[in-house]
K.L.:
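Here's a structure for you.
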Amino acid sequence: MDRAMRDAGEPPAGKTDRRGGPRRSLPPAGWRAALLGSAVLLSASLPLHQAESQPAAPQPTGAVPAAPPQATAPQATPPQATPPQATPPQTGNNAPVTFTAEEVEYDQARDLVTARGAVEAWQNERILRADRFTFDRNTGIATAEGNVQLLEADGQVLFADRAELTGNMRDGVVEGLKARLAQNGRMVASGARRTDGTILDMSRVLYTSCDLCAENPEAPPLWQLRARLATHDQEAKRLRYRDASLMLGGVPVLYTPYLSHPDPSVPRQSGFLTPTFGSSSFLGGFLTTPYYWAIDPSQDLTLSPTFSTKQDPALGFDYRRRFNSGEIQATGSVGQRDGAPGEEGWGGHIYSRGQFSIDENWRTGFNLNRASSENYLRAWRYPAPRQLSSDAYAEGFWGTEAYARVDSRAYQGLSEVDDTGQIPLVLPNLFADYWVGRDRLGGYLSADIGAFALFRDEGTDTRRIASRLRYDLPRIDRFGQVWTFRAQADGLARWVDDLDLAPNFASRNTATDATGNVRVALDWRLPMSRSAGAYGTQLIEPRVQLVTGPATGRQTLVANEDSLDFEFTDANLFELNRFPGRDRQEGGSRVDAAFRGAWFFPNGGQVEALVGRSFRASEEAVFDVNSGLRDQASDWVGRVRFSPVSWLDLTARARLDKENLDSRLVETRAQLSLGRVTLGAGYLYTDPSTALISTRERREVSGSAQAQITRFWRGGGFGRYDLELDRAVSAGVNLTYEDECLIFDTRFAKTYAEPSNRASYYPSDTVLLFRVSFKTVGDFGFRAI
């Protein structure tokens, strides 16, 4: 409607206008009348909801209301014979058709309407464009020729050399079809037949989602599907091929009599997914053929049967569902255990979670994770963590000030060295905290309370309630010194059975006690900075903290459930209670001191270092041996960060012996980014610890590299090596190719197992994976183990 009809010149011989005389060219001012007249002529092919055989009057906008399929050709009824309001609004396939063109003519003798020059016709969101458009009112056939384009509502575009259409542009025959689908999908066919606007049957078809080579557009794409026949079902959103071949670089590499995949525009659809095949020592040769079931818009299920040469079939599943108030997800399997080390019979696993909102403050959820054994998971190539945890919970949020949670927890150890009788069951566990906010003095007060009951078949049973109040009051004086007053009060009550069993091994069997601890501290800092001009800002900052409170002693006769693993570092140097939990309380008086220096550069880089230690007034043995806090004077702790530019970052943390500066804990990490290449390295050393499974030293080095080799190729590798055992811990490499239509990914990873004893750190695993993904079609994978 946005184009005026141009001067058409003299009419050819034999042509007549609507009054029966010779056809005359229309002046520019008459384009609206010609458009309305041509709309009336086209109306015979468009169905109406009304039953009358006469067409409704043309609308003033050039819209074409429809007539029923049984309607005869309309007579020259004046437009005013039927008022425009007599036609109800049309929608969907019965909606009016509107079109524009540079030139429109009507041959009354042949009952033929012809439009030329930038022809564009549309109905709702379906648009037809062509150089020439002809409509035969006798046969109801519309013919579009020259640069034919059909734009669908979902964004897909069909191109053709010539098209014959009927039934509201929904049915017809197309010559020289080219289609542009969603996600860069492209299709070419020598010919096609369209039925009911939804079924497109094609012959001699090529499909790909690859771009053509810019230097040689006539070269075959990287991959394409070639088929004798193909059907595009737009209602089912499915593409089906018969006698299909997969071609790489124009060379056929795979033939199948039938192939089907979803329309690129559909986000999810039921059907078989591409299979994965491979080989392993446990399974032999195996094939996994997943089936995806889109149950409804809110839930789906993937079933993955695995067939192998050495074991009975196994079944894996993945279920997901969304609700208005939450979601559920579950992954699991059932399979044979015979043949795995120390296994027999059938086994299985389930990893699941769910979460639901109750109201604006409360939500509830669960995590259920169980497995037959670690060996079962490894045999069938499922994730096998060191232990599994399950819980059911409800938690509430009130802004950033308040939080509450109640839950129950269960654990499962997967290692064969785990003593299942010592694994606890927590029922229930409650916790709530509240942050009061800033008071009139400028201080901050927070409070929390928690309680739990913990049971073991062969170990300590503990019931405990604990609460904490904490107050912080910072002040800055006129000299720039930062003074912070801190106070912390803990209260605990416990009822314990079998205290002489794991994990406490105390000298008494039962205990009922109530204790409290108060810690008060004064923290002083003096940050001093100066300008380095164009080189940024320099900072030095001494810090001293005085902490005092009643002595608590070693506390070996009270149950310890949450402070078994303790590590003294720069991160907890200034904590009032340096134990990670509440069961162990630090008492007495001490002084913490540290010195920090930093240089901040204008480009955002920095160099920073911190060193500090702690001094206790009491000689009580509160902390374990090798903790770094056993004696009155602690070990030295510190960190260093060197990151002067954005592409270099070096960070190191350490704890050194207070007497000879021997290393007790060293952890370093380095990252170097050089354009397309990123390098990483690390080193770890730890002293023996009674809280860990093994009491030996650990010394490991690690490294990694990732590189964007070319525009489409990237690769990398990683490795860890145990210097103490003089053996590799893990290693792996990967190489990936990815462009707009293809992903090729190959990975090799191996972790080296130690003997199954209490020195075990690393789970054994070896994976060799090849994956080829033809975008919009599917993945093909091979996994060797």
Side-chain angles (χ1 to χ4, degrees), residues 422 424 426 429 431 433 448-454 456 459-470 486-508 510-521 545 547-590 592 614-632 634-635 637 655 664-665 686-692 695:
Q422 298 179 8
V426 184
N429 178 55
F431 179 80
D433 67 2
D448 66 56
I449 186 171
F452 67 77
L454 184 150
R456 294 181 176 91
T460 303
D461 295 339
T462 304
R463 278 76 70 189
R464 191 198 75 181
I465 182 170
S467 64
R468 173 173 287 177
L469 290 173
R470 180 171 178 128
R486 294 190 178 94
Q488 181 174 290
D490 286 280
L492 298 94
R494 281 176 287 244
W495 173 24
V496 183
D497 293 328
D498 299 322
L499 188 59
D500 55 336
L501 300 179
N504 295 279
F505 301 106
S507 59
R508 59 176 176 172
T510 62
T512 301
D513 60 80
T515 61
N517 188 28
V518 177
R519 308 289 284 163
V520 178
Q545 177 179 253
V547 185
T548 188
T552 59
R554 186 171 174 78
Q555 309 170 73
T556 56
L557 297 181
V558 296
N560 182 11
E561 300 289 355
D562 61 6
S563 300
L564 291 169
D565 187 9
F566 172 73
E567 194 78 65
F568 177 47
T569 68
D570 63 286
N572 57 15
L573 172 62
F574 290 95
E575 289 293 327
L576 298 187
N577 180 29
R578 289 177 288 203
F579 285 105
R582 307 291 177 88
D583 283 333
R584 289 290 183 262
Q585 292 289 322
E586 181 180 2
S589 299
R590 75 173 198 259
D592 307 319
S614 180
F615 303 89
R616 295 192 300 121
S618 173
E619 296 182 359
E620 291 180 324
V622 179
F623 296 92
D624 291 332
V625 179
N626 297 330
S627 65
L629 291 172
R630 175 76 172 189
D631 301 322
Q632 288 181 281
S634 75
D635 288 345
V637 293
R655 177 166 63 87
R664 301 302 181 193
L665 169 68
T686 61
D687 251 359
S689 172
T690 57
L692 300 178
T695 57

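All figures in this text were calculated on a predicted structure; none of them were measured in a lab.
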K.L.:
Could I get the full list of side-chain contact (heavy atoms from CB on, under 4.5 Å) partners for T552, not counting sequence neighbours?
P.N.:
N517, Q555, Q585
K.L.:
Taking the six-membered ring for Trp, is the centroid-to-centroid distance between F579 and F623 below 6.0 Å?
P.N.:
yes
K.L.:
Search all heavy atoms of G581 against all heavy atoms of S563 and return the closest pair with its distance.
P.N.:
N-OG, 3.1 Å
K.L.:
Nearest 0.5 Å please: distance from the CD1 atom of I449 over to the CZ atom of F431.
P.N.:
10.0 Å
K.L.:
How far apart are the closest heavy atoms of A466 and L492, and which atoms are they?
P.N.:
CB-CG, 4.0 Å
K.L.:
List the atom of N429, the atom of F452, and the distance in Å for their closest heavy-atom pair.
P.N.:
OD1-CB, 3.5 Å
K.L.:
Is there side-chain contact between V637 and R664, with at least one heavy-atom pair below 4.5 Å?
P.N.:
no
K.L.:
The test is side-chain contact (heavy atoms from CB on, under 4.5 Å); show your working for E561 and R464 and say whether it passes.
P.N.:
CA-CA 10 Å; E561 300 289 355; R464 191 198 75 181; 6.0 Å; no
K.L.:
Tell me whether D562 contacts the main-chain N or O of D583 through its side chain, where contact means a donor paired with an acceptor under 3.5 Å.
P.N.:
yes
K.L.:
To the nearest 0.5 Å, how far apart are CG in D498 and OG1 in T510?
P.N.:
9.0 Å
K.L.:
Between CG of N560 and OG1 of T460, what distance do you get to the nearest 0.5 Å?
P.N.:
10.0 Å
K.L.:
Kindly give the heavy-atom pair with the smallest separation between V496 and A559, and that separation in Å.
P.N.:
CG2-CB, 3.7 Å
K.L.:
Would you check if the side chain of R508 reaches a backbone N or O of L557 as a donor-acceptor pair within less than 3.5 Å?
P.N.:
yes
K.L.:
D631: what forms a side-chain contact (heavy atoms from CB on, under 4.5 Å) with it, not counting sequence neighbours?
P.N.:
K658
K.L.:
What pairs with T569 under side-chain contact (heavy atoms from CB on, under 4.5 Å), at least two apart in sequence or on another chain?
P.N.:
E567, A571, N572, L665
K.L.:
Nearest 0.5 Å please: distance from the CZ atom of R456 over to the CG atom of D497.
P.N.:
12.0 Å
K.L.:
Ignoring hydrogens, what is the shortest heavy-atom contact between P580 and F566? Give both atom names and the distance.
P.N.:
CD-CD1, 3.9 Å
K.L.:
Do D592 and S614 have side-chain atoms, one donor and one acceptor, less than 3.5 Å apart?
P.N.:
yes
K.L.:
Ignoring hydrogens and angles, tell me if any N or O in the side chain of E620 forms a donor-acceptor pair with the backbone of G553 under 3.5 Å.
P.N.:
yes
K.L.:
So, S634 versus R590: side-chain donor-acceptor pair below 3.5 Å or not?
P.N.:
no
K.L.:
Would you say T515 and V558 make side-chain contact, with heavy atoms under 4.5 Å?
P.N.:
no
K.L.:
Check step by step if side-chain contact (heavy atoms from CB on, under 4.5 Å) holds for R468 and N577.
P.N.:
CA-CA 12 Å; R468 173 173 287 177; N577 180 29; 3.9 Å; yes
K.L.:
What distance separates S589 OG from R616 CZ, expressed to the nearest 0.5 Å?
P.N.:
11.0 Å
K.L.:
Within the 4.5 Å heavy-atom criterion, are F574 and V547 side-chain neighbours or not?
P.N.:
no
K.L.:
Any salt bridge between E575 and R519, counting N to O under 4.0 Å?
P.N.:
no
K.L.:
When rounded to the nearest 0.5 angstrom, what distance separates CZ in R578 from CG in L629?
P.N.:
4.5 Å
K.L.:
Do the side chains of R470 and D448 get close enough for a salt bridge, i.e. N-O under 4.0 angstrom?
P.N.:
no
